[in-house]
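Scroll down for the structure; my scribbles are underneath it.
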2 protein chains.
Amino acid sequence: MIARRTTIKDVAEAAGVGVATVSRVLSGGSASAETRERVLDAATRLDYRPSALGRNLRQQRAGGIALLVPDITDTFYARLADGVLSCARSYREPVTIGVTGDDPEQEADLVGALLEQGIDRVIAVPSGDVETWSPALKAGLSVVFADRRIWDAGRLIDEIPAVIADDRAGVRTAVEYLLGLGHRRIAFLARHGQSQRVASFREAMGEHLDEELVAHARASRDSAYATAAGLLQRRTDLTAVLAGGNVLGEATVSAARELDLRIPRDLSLIMFDDVPWAELCSPPLTVIAQPAQDLGYRAAELTLRQGRRPRTIQLPTELIIRGSCGPRRPGSSGH
Amino acid sequence: MIARRTTIKDVAEAAGVGVATVSRVLSGGSASAETRERVLDAATRLDYRPSALGRNLRQQRAGGIALLVPDITDTFYARLADGVLSCARSYREPVTIGVTGDDPEQEADLVGALLEQGIDRVIAVPSGDVETWSPALKAGLSVVFADRRIWDAGRLIDEIPAVIADDRAGVRTAVEYLLGLGHRRIAFLARHGQSQRVASFREAMGEHLDEELVAHARASRDSAYATAAGLLQRRTDLTAVLAGGNVLGEATVSAARELDLRIPRDLSLIMFDDVPWAELCSPPLTVIAQPAQDLGYRAAELTLRQGRRPRTIQLPTELIIRGSCGPRRPGSSGH
DNA sequence: AAGTATGCTGGAATCGTTTCCATGATTGCT
DNA sequence: AGCAATCATGGAAACGATTCCAGCATACTT
């Protein structure tokens, strides 16, 4: 025999008031001091916990927020998620996580599931474009983008608030550093969805840009490795690589070892995102650090702080120079 | 002017049937072929999606499952979460994630929040003990443990299904390997909650066990580093370390570098859990690999496959020998 | 052909909360 | 003192689904 859970009705009865009054007291409405005390007392005595189920139905929306990331095993997104979770925690809001695999179709699918669940606030690292997201907005979803934004035929969609790192500055600094070391054949390894970084790379490279040295990988480790290895084998003349994320950086190091290229002697490498192991790697990796956890925290703040219209936030990146870049060796035209 | 969402009532009207019939058709109940077609047709025409809110209230439970992990930025738990997410995905069940920080109090708090949300299925890497979890069970929660189990005054609680790795064999193999290399002063770096691994370590070490060489850290990277550095500084006679998780392994490598101890010359290291960077580390780390993703997947299966009573599952570990262990150097009594 | 079994169907109750609205009491002002 | 304004209060509706139950038609049995 399982005890029925205590409802607002039980509390009302125990306190000798109506349910409306109990609801008001508990959600901070107005009530006389005496009534308030009676209700609060009854509630604690009965160990009453309001059911989110009833509330959700009435309010036509489930509490909590959703977080959509391409891949939760990617340390960067894990840290971003941690930021979101930690902020949501302080608001006592549950967080539902979905993995998109950088696939617009899966993403749209997940958004549909959210709507069905009544969750109407979502933080997303978008994989799709306007076509994926405008239906979501029309359906009443309140969206905040993190890490990336979306484009519509080359035009930036800035109606949707976003929290992003300053890719442009990060890429520019990294490229300038490499150019300064004498490198000219510099490759950029991107994953799908990193159009902003690719654009920044093109811009920063200027006349030295070689379009064939911009490679794209999918969200998996396998794809990252295949892309990195393919690039290194195809273009033996390149002397430096800029990896758009830690998974790509890791893949580049692995591929370079496999091909017997020594870093930084034969190949210089800069990787996006500082991860704990970057320092433990041999050689320690030069990275463009991004405030991953903060990105998530801020995004959650924008989502949860209902108040003034949220605006887009850009956080700084930082080039941390370690040991994975060296001067282009004179006399050698690549490896 | 926002369009009201279409409800089951709209569908019933459009199909010229009662709401009860629509509900039955949509959830696979019996209905005549003609009615079924009319309802299905109306549903697609109106693009009807049942509201989880209404259903949840009626069924007195929210769909979906919850996952409680100590730390989502720990690659191991991220991979475990990935397994859970990927299984839940195929059942179209949303997953709510909570971070406990290995703190029983936070854990109890999160469980309370779940109950309030009406979520009644949870996969947890438990931090607390029976006192935390028996109230949860009494409240009707269906729990599956992952990675760890809980103990009550030394007695294993095996009523709760669990999916765990074979710690005992993993530790035993690792210790035997180290003993075989001549090491005697072997330390174990554990995090709170890893009582099973500690117990296995004690057992495997037998007469060589030095209780002072068993150190405990909290869930954070800082704590892991502090514990590792403290141990290495305090006991300069130790020659090998077994780290209970990848964060502890990483901390040990960092601390060893800081203290100018060379691996494996001055210190041998075996780390629990194979992570991508273990191979990139210098030297590549010898690890006890655990099927993290599979652990999560199986746990989700147990949770979601409502059917026969779920039983505890144990998955194998594997010692992967790389370059972080060497023979104890004769003549040297430690570093 | 009459009685019974079977199967489809729709009205209505239900889940627990919030919120609208009407009522009664109290206070303040002229 | 009388009237208006303010405030606390509780009954009842609403949210959208599922499911019980009774009603009715059809098919089957004897």
Side-chain angles (χ1 to χ4, degrees), chain A residues 2-40 42-43 46-64 113-120 139-140, chain B residues 2-40 42-43 46-64 92 114-120 139-140:
Chain A
I2 279 179
R4 202 176 49 81
R5 76 177 277 151
T6 63
T7 73
I8 201 173
K9 218 172 156 187
D10 301 323
V11 179
E13 211 164 310
V17 299
V19 289
T21 306
V22 177
S23 173
R24 262 190 306 260
V25 168
L26 262 31
S27 49
S30 72
S32 76
E34 199 229 326
T35 315
R36 160 163 287 118
E37 192 183 347
R38 277 230 307 284
V39 169
L40 256 27
L46 297 181
D47 188 35
Y48 168 67
R49 270 152 228 273
S51 151
L53 267 33
R55 181 188 359 233
N56 290 349
L57 176 57
R58 174 62 224 234
Q59 325 228 63
Q60 291 283 70
R61 56 195 294 275
L114 295 184
L115 256 14
E116 217 160 287
Q117 294 295 322
I119 299 179
D120 64 350
Chain B
I2 279 179
R4 203 176 48 80
R5 73 178 278 150
T6 65
T7 73
I8 199 172
K9 219 172 156 186
D10 302 322
V11 178
E13 211 164 309
V17 299
V19 289
T21 305
V22 176
S23 173
R24 262 191 306 260
V25 168
L26 261 33
S27 50
S30 71
S32 75
E34 199 228 326
T35 314
R36 160 164 287 118
E37 193 183 345
R38 277 230 306 284
V39 169
L40 257 27
L46 297 180
D47 188 35
Y48 168 68
R49 270 152 229 270
S51 151
L53 267 33
R55 181 191 352 225
N56 290 349
L57 176 56
R58 174 62 222 238
Q59 325 227 67
Q60 291 283 70
R61 57 195 293 274
R92 311 205 95 243
L114 294 185
L115 255 15
E116 215 160 288
Q117 294 296 321
I119 299 180
D120 64 351

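Just so it is clear: chains get the letters A, B, ... in the order the sequence lines come, proteins before strands, and each one is counted from 1. Since the structure is predicted, the reported quantities are computational estimates derived from the model, not experimental observations. Just the heavy atoms: all of them, side chains too, but no hydrogens, waters or symmetry mates, feed the values below.
- Rounded to an integer number of Å, the gap from CZ of B:Arg49 to C1' of D:dG16 is 17 Å.
- A:Arg55 CZ to A:Arg61 CZ: the interatomic distance, rounded to the nearest 0.5 Å, is 10.5 Å.
- Residues B:Tyr48 and B:Thr7 come closest through the heavy atom pair CE1-C, 3.5 Å.
- Within the 4.0 angstrom heavy-atom criterion, no nucleotide atom of any strand lies near B:Leu53.
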Could you please spell out the steps behind the side chain to side chain contact (heavy atoms under 4.5 Å, CB included) verdict for B:Asp47 and B:Thr6?
CA-CA 8 Å; B:Asp47 188 35; B:Thr6 65; over 6 Å; no

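- Salt-bridge formation is not detected for the pair A:Lys9/A:Glu13: no Lys NZ or Arg NE/NH1/NH2 atom is positioned less than 4.0 Å from an Asp or Glu carboxylate oxygen.
- Within the 4.0 Å cut-off from OP1 or OP2 of D:dG16, at least one side-chain nitrogen or oxygen of A:Gln60 is found.
- Looking at B:Arg49, its side chain never comes within 3.5 Å of a backbone N or O of B:Arg5 through a donor-acceptor pair.
- Contacts of residues 6-19 of chain A with DNA chain C (heavy atom under 4.0 Å): A:Thr7, A:Ile8.
- B:Arg61 places its CZ atom 13 Å from the P atom of D:dT18, with the value rounded to the nearest Å.
- A:Ser27 places a side-chain N or O within 3.5 Å of a backbone atom of A:Ser23 that can act as its donor or acceptor partner.
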Next on the checklist: As a quick check of understanding, evaluate side chain to side chain contact (heavy atoms under 4.5 Å, CB included) for A:Thr21 and A:Arg24, giving each step before the final call.
Outcome noted: CA-CA 5 Å; A:Thr21 306; A:Arg24 262 190 306 260; 3.5 Å; yes

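- Looking at heavy-atom distances under 4.0 Å, A:Thr35 makes contact with sugar-phosphate atoms alone, never a base.
- Contact between the side-chain N/O atoms of B:Ser23 and the OP1/OP2 oxygens of D:dA17 is not found at any separation under 4.0 Å.
- Contact check, A:Ser32 against D:dC7: no side-chain N or O comes under 4.0 Å of OP1 or OP2.
- When each of B:Gly54 and B:Arg24 is assigned the nucleotide of DNA chain C with its nearest heavy atom, B:Arg24 is the one assigned upstream, toward the 5' end.
- Put simply, the side chain of A:Leu57 does not reach to within 4.5 Å of the side chain of B:Asn56, judged on heavy atoms.
- Rounded to whole Å, the distance from CD on B:Gln59 to P on D:dC20 is 11 Å.
- With a cutoff of under 4.0 Å to any heavy atom of chain B, the contacted region of DNA chain C is bounded 5' to 3' by C:dC8 to C:dG16.
- When side chains are defined from C-beta on, A:Leu40 counts as touching A:Leu26, because their heavy atoms get closer than 4.5 Å.
- Put simply, CZ on B:Arg55 is 19 Å from P on D:dC15, counting in whole angstrom units.
- You won't find any donor-acceptor pair under 3.5 Å spanning the side chain of A:Arg58 and the base of D:dG16, going by distance alone.
- Contact annotation for A:Ala31: backbone-only contact, meaning every heavy-atom pair under 4.0 Å involves sugar-phosphate atoms and none involves a base.
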